[in-house]
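To start, the structure itself, in structure tokens.
Naming convention: chains lettered A, B, ... in sequence-line order (proteins, then strands); numbering from 1 in each chain.
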Amino acid sequence: MRIATWNVNSITARLPRLLAWLENTGTDVLCVQETKCSDEQFPYDQLRELGYEAAVNATGRWNGVALLSKVGLEDVTPGLAGGPDYEGVQEPRAVSATCGPVRVWSVYVPNGREIDHAHFAYKLQWFEALKAAVAEDAAGSRPFAVLGDFNVAPTDDDVWDTSVFEGMTHVTPAERAALAALREAGLSDVVPRPLKYDKPFTYWDYRQLCFPKNKGMRIDLVYGNEPFSKAVSDAYVDREERKGKGASDHAPVVVDLDV
DNA sequence: ATGTCGTTCACGGAACGA
């Protein structure tokens, strides 16, 4: 079974590439982030033609997540129970479902913006709620994973230049402690292999030729429980998908499982 | 170069988020 996560930065803008990528890779389950569309705008029909059911939590211009599956889609739960509001609203940043033998979450963790911004406190609260919401499945015997854009680089090796990130979000001890808490709950980081260069970056800013210069970060993560992690036969970043015109600023992370 | 994208609002280009 092939499972992947991809922040597409608008599923509408990315649809031709998304459909081609799904066909070419034969992905069974895809966790999508930043759909940037409403439920009405979601391309259910085109995806169904390729054999995918979709579970969607999306409201419009910002955020939005989905799960695409051709191996079943049961017990769909949109949202993060107990999660914080931001400016009075529960943003669409999580959706979970059972896809065949695996229980899966697609998450888009808040960015945080600046360390002293209210969005940063919101990010940390969101992580707390996520840990509480997944604890039971993380400790369970069914293969379980949280996949998505975590907006945190787990270690200094996961950014292209640590000096650039001093005083910035994505690398702070508080954010890394939030990831550590998820690991303590029974999840482990399924680190993909890079297809080129030495580090498995998953995101490169559109600006300043970051991708050609490989000024990237690893912020799209796969956090699996023990039964999931044991079943992993391969994991890689599909950096080819970051190339060329019409690319997202994130590359897909692909995981192959023996389940 | 705050150098790129994507969306919205509203109908060209700014504002916003990432």
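Put simply, CD on A/E114 is 14 Å from C1' on B/dC16, counting in whole angstrom units. Rounded to whole Å, atom C1' of B/dC5 lies 20 Å from atom NZ of A/K243. For the pair A/K36 NZ and B/dT8 C1', the interatomic distance rounds to 11 Å; values are reported in whole Å. Atom-to-atom, CD of A/E34 to P of B/dT7 comes out at 11 Å; the value is rounded to the nearest Å. Between the CH2 atom of A/W204 and the P atom of B/dT4 there is a distance of 19 Å, given to the nearest Å. Look at CG on A/N111: it is 15 Å from C1' on B/dG6, rounded to the nearest Å. Taking atom CG on A/N63 and atom C1' on B/dC16, their separation rounds to 13 Å, with Å as the unit. What separates CZ of A/R17 from P of B/dG6 is a distance of 10 Å, to the nearest Å.
Other residues, nucleotides and ligands contribute only 12 or fewer heavy atoms inside 6.0 Å of the NZ atom of A/K230.
A donor atom on one side chain and an acceptor atom on the other are not found under 3.5 Å apart for A/E241 and A/S248. Side chain to side chain, A/W21 and A/D238 meet the donor-acceptor criterion of an N or O pair below 3.5 Å.
Nearest-nucleotide positions on DNA chain B for A/G246 and A/L209 put A/L209 closer to the 5' end.
When ring centroids are compared, A/F120 and A/H117 stay outside the 6.0 Å threshold.
The distance from the OG1 atom of A/T5 to the CG atom of A/L147 is 5.5 Å, given to the nearest 0.5 Å.
In this structure, A/Y108 reaches the sugar-phosphate backbone alone: every heavy-atom distance under 4.0 Å involves primed, P, OP1 or OP2 atoms, never a base.
Spacing between B/dG17 and B/dG12 at atom P, rounded to whole Å, works out to 25 Å. Comparing B/dG6 with B/dA10, their P atoms are spaced 22 Å from each other, to the whole Å.
Considering only side-chain atoms of A/A13, the nucleotide from B/dG6, B/dA18, B/dT8 that sits closest is B/dG6. Between B/dC5, B/dA18, B/dG17, one nucleotide has an atom nearer to the side chain of A/W62 than all others, and that is B/dG17.
Between B/dA18 and A/R113, a contact under 4.0 Å exists linking OP1 or OP2 to a side-chain N or O. Side-chain N/O atoms of A/R14 include none lying less than 4.0 angstrom from OP1 or OP2 on B/dC5.
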